[in-house]
Peer 1: 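Before I ask anything, here is the structure I am working with.
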Protein chains: 2
Amino acid sequence: MSKNVTKSDQHKEKILEISREMFAKHGYEATTTRMINQEAGTAEGLMYYYFPHGKHEILDTIVCQGIINRVNQLQTTFNDCYTKADLEERLMKIFEDIWQVFQDKENYQSFVITIHERMLLSDDQADWLLQVLEGLVDEIAGQLKSAPILQTMPEDQYRPLARVIVSIFQKIIYDELLIKNNRQLTEQMKAQIRPQLKVVL
Amino acid sequence: MSKNVTKSDQHKEKILEISREMFAKHGYEATTTRMINQEAGTAEGLMYYYFPHGKHEILDTIVCQGIINRVNQLQTTFNDCYTKADLEERLMKIFEDIWQVFQDKENYQSFVITIHERMLLSDDQADWLLQVLEGLVDEIAGQLKSAPILQTMPEDQYRPLARVIVSIFQKIIYDELLIKNNRQLTEQMKAQIRPQLKVVL
DNA sequence: GTCTATAGAATGATAGAC
DNA sequence: GTCTATCATTCTATAGAC
């Protein structure tokens with residue numbers, strides 16, 4: 001019943017860790033079980049002891065773990081935002097928090113794998129990404145409602161505004177992580193987001 | 001010197017067409033040269049006559065063609081937009097035009113391949129996507145400037161606003177095409193975009 | 001649980017006839 | 001230009017010793 005980590009658990013974890021790394025770097029199909037075994041330092045047959053259904057079971061496990069890890073809530077409040085500048089600052093902070101999520105190697109790799117190997121996944125497995133984004137819209141919409149500076153805004157405009165803000169964040173994340181292959185948060189990126197927030201607030 | 005299509009050209013085209021289809025559907029690594037030859041109805045050795053460097057040369061050719069095909073300019077003008085409603089309508093039209101680009105099978109497949117096989121491509125090959133998006137920002141920013149209703153807007157806000165609009169479009173395109181696997185333009189999607197445009201205009 | 005050895009099938013690519 | 005036949009590798013997965 002205790003949470004002791006056995007030697008064999010370590011082997012299983014190592015296989016998952018190496019697989020996640022290689023799937024993200026080279027893609028699922030291009031990564032061979034041999035490469036995984038070699039990098040993980042485990043023998044040929046061993047991975048079929050932990051994953052009887054073979055390579056694809058490893059992928060499923062990785063994607064499943066990625067889903068769970070990412071259920072994180074933002075720890076911010078907008079109820080002390082009395083000026084647009086306050087709000088802008090707070091939203092920039094949220095963007096940096098989101099970016100920080102992808103600084104965690106495991107989160108970043110799960111994200112890349114989910115997009116790149118979309119065709120190997122079920123709709124349910126890919127859905128976590130949309131759910132995280134919708135959750136973010138909900139969270140930001142709720143916070144906007146509590147911002148003193150936005151009290152005069154019509155009730156039905158909070159969600160669309162939150163959606164626009166998430167779109168701004170999402171575009172830059174996809175452009176940088178998926179296309180430019182860049183995980184470094186640069187001043188240039190922040191300088192691009194700020195005027196956009198100014199325009200919509 | 002004439003533009004006559006020889007029999008052999010047709011063979012080459014067929015190989016490219018089938019490859020594009022299968023790369024987009026199953027991924028590059030999961031698509032075997034045998035599958036391509038069989039579907040294209042060509043013999044085993046023939047693809048090495050047209051593509052001496054083999055499978056990867058086919059991928060390169062497909063991505064290169066995708067880049068060229070997509071350099072399309074929007075044929076719209078905003079200089080008759082005297083109300084926000086006019087502008088909103090015109091932007092919805094632009095979104096539908098962009099969506100229409102992906103109704104073309106070849107464009108859609110090139111897009112999916114570029115994202116999914118990103119790690120097999122050079123930065124230059126992946127860059128066309130960013131360039132198309134930046135071109136779109138430029139185009140929309142220029143048009144916004146010519147809109148009578150927006151004449152009072154500060155000069156330096158046109159580009160950020162255009163960028164926000166492109167972000168709104170891009171989010172829904174990525175969500176639908178890459179994650180939901182949906183190419184159908186639904187009323188629900190339009191109903192989601194409209195209030196966002198209202199909020200930012 | 002962990003290992004070695006290998007089966008059995010599939011892969012990308014080539015040689016050479018026509 | 002197009003074909004058939006096949007090579008040399010490599011792959012996933014399994015069998016069975018320890």
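Order of the sequence lines sets the chain letters (A, B, ...), proteins ahead of strands, with each chain counted from 1.
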Peer 1: With a cut-off of less than 4.0 Å, is there a side-chain N or O of A/Y50 near OP1 or OP2 of C/dT2?
Peer 2: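 So the side chain of A/Y50 is within the cut-off, an N or O lying under 4.0 Å from OP1 or OP2 of C/dT2.
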
Peer 1: When you check the gap from the basic side-chain N to the acidic O, do B/E155 and B/K145 get nearer than 4.0 Å?
Peer 2: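 Salt bridge: yes.
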
Peer 1: Step through the shown structure and confirm whether more than 12 heavy atoms of other residues, nucleotides or ligands are within 6.0 Å of CD on B/Q38.
Peer 2: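 Counting other residues, nucleotides and ligands, CD of B/Q38 stays at 12 neighbours or fewer.
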
Peer 1: Indicate whether the side chain of A/D124 and that of A/S122 have a donor and an acceptor atom separated by less than 3.5 Å.
Peer 2: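 There is no such pair (donor and acceptor under 3.5 Å, judged by atom type) between the side chains of A/D124 and A/S122.
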
Peer 1: Tell me: NZ of A/K12 to C1' of C/dG1, nearest whole Å?
Peer 2: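 Going from NZ in A/K12 over to C1' in C/dG1 covers 13 Å.
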
Peer 1: Working note: B/E13 + B/R20, criterion salt bridge (charged side-chain N to carboxylate O under 4.0 Å, His left out); need CA distance, chi angles, decisive distance, verdict.
Peer 2: CA-CA 10 Å; B/E13 279 311 307; B/R20 194 186 311 108; 5.4 Å; no

Peer 1: When you measure from the side chain of A/H11, which nucleotide among C/dT2, D/dT2, D/dA13 comes out closest?
Peer 2: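 The answer is C/dT2.
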
Peer 1: Rounded off to whole Å, could you give me the NE2-to-P distance for the B/H56 and C/dG12 pair?
Peer 2: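 Answer to the nearest Å: 14 Å.
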
Peer 1: Give the nucleotide from the list D/dT2, C/dT11, C/dA5 with an atom nearest to the side chain of A/E44.
Peer 2: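 Of D/dT2, C/dT11, C/dA5, C/dA5 is nearest to the side chain of A/E44.
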
Peer 1: Within the structure, does a side-chain N or O atom of B/R34 lie under 4.0 Å from either OP1 or OP2 of C/dG12?
Peer 2: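 No.
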
Peer 1: Tell me: NZ of B/K55 to C1' of C/dA13, nearest whole Å?
Peer 2: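 Distance, rounded to whole Å: 12 Å.
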
Peer 1: Between atom OH in A/Y28 and atom P in D/dC11, what is the gap in whole Å?
Peer 2: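 Nearest whole value for this atom pair: 14 Å.
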
Peer 1: Output the rounded distance in Å from CD1 (B/I36) to P (C/dT11).
Peer 2: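 In whole Å, C/dT11 P lies 11 Å from B/I36 CD1.
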
Peer 1: Using a heavy-atom cut-off of 4.0 Å across all strands, would you classify B/G45 as base, sugar-phosphate, or nothing?
Peer 2: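 Base contact.
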
Peer 1: So, is B/Y48 close to the C/dT14 phosphate, meaning a side-chain N or O under 4.0 Å from OP1 or OP2?
Peer 2: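 No, B/Y48 has no side-chain N/O under 4.0 Å of OP1/OP2 on C/dT14.
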
Peer 1: Could you state the atom-to-atom distance from CD of A/Q38 to P of C/dC3 in whole Å?
Peer 2: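 Distance check: A/Q38 CD to C/dC3 P gives 14 Å.
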
Peer 1: Specify the separation, in whole Å, of atom CG of A/L46 and atom C1' of D/dT14.
Peer 2: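 For the pair A/L46 CG and D/dT14 C1', the rounded distance is 14 Å.
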
Peer 1: Is the number of heavy atoms from other residues, nucleotides or ligands within 6.0 Å of CD (B/Q151) greater than 12?
Peer 2: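 Check passes, neighbour count above 12.
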
Peer 1: Expressed as a whole number of angstroms, how long is the span from B/N37:CG to C/dT11:C1'?
Peer 2: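 Distance check: B/N37 CG to C/dT11 C1' gives 12 Å.
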
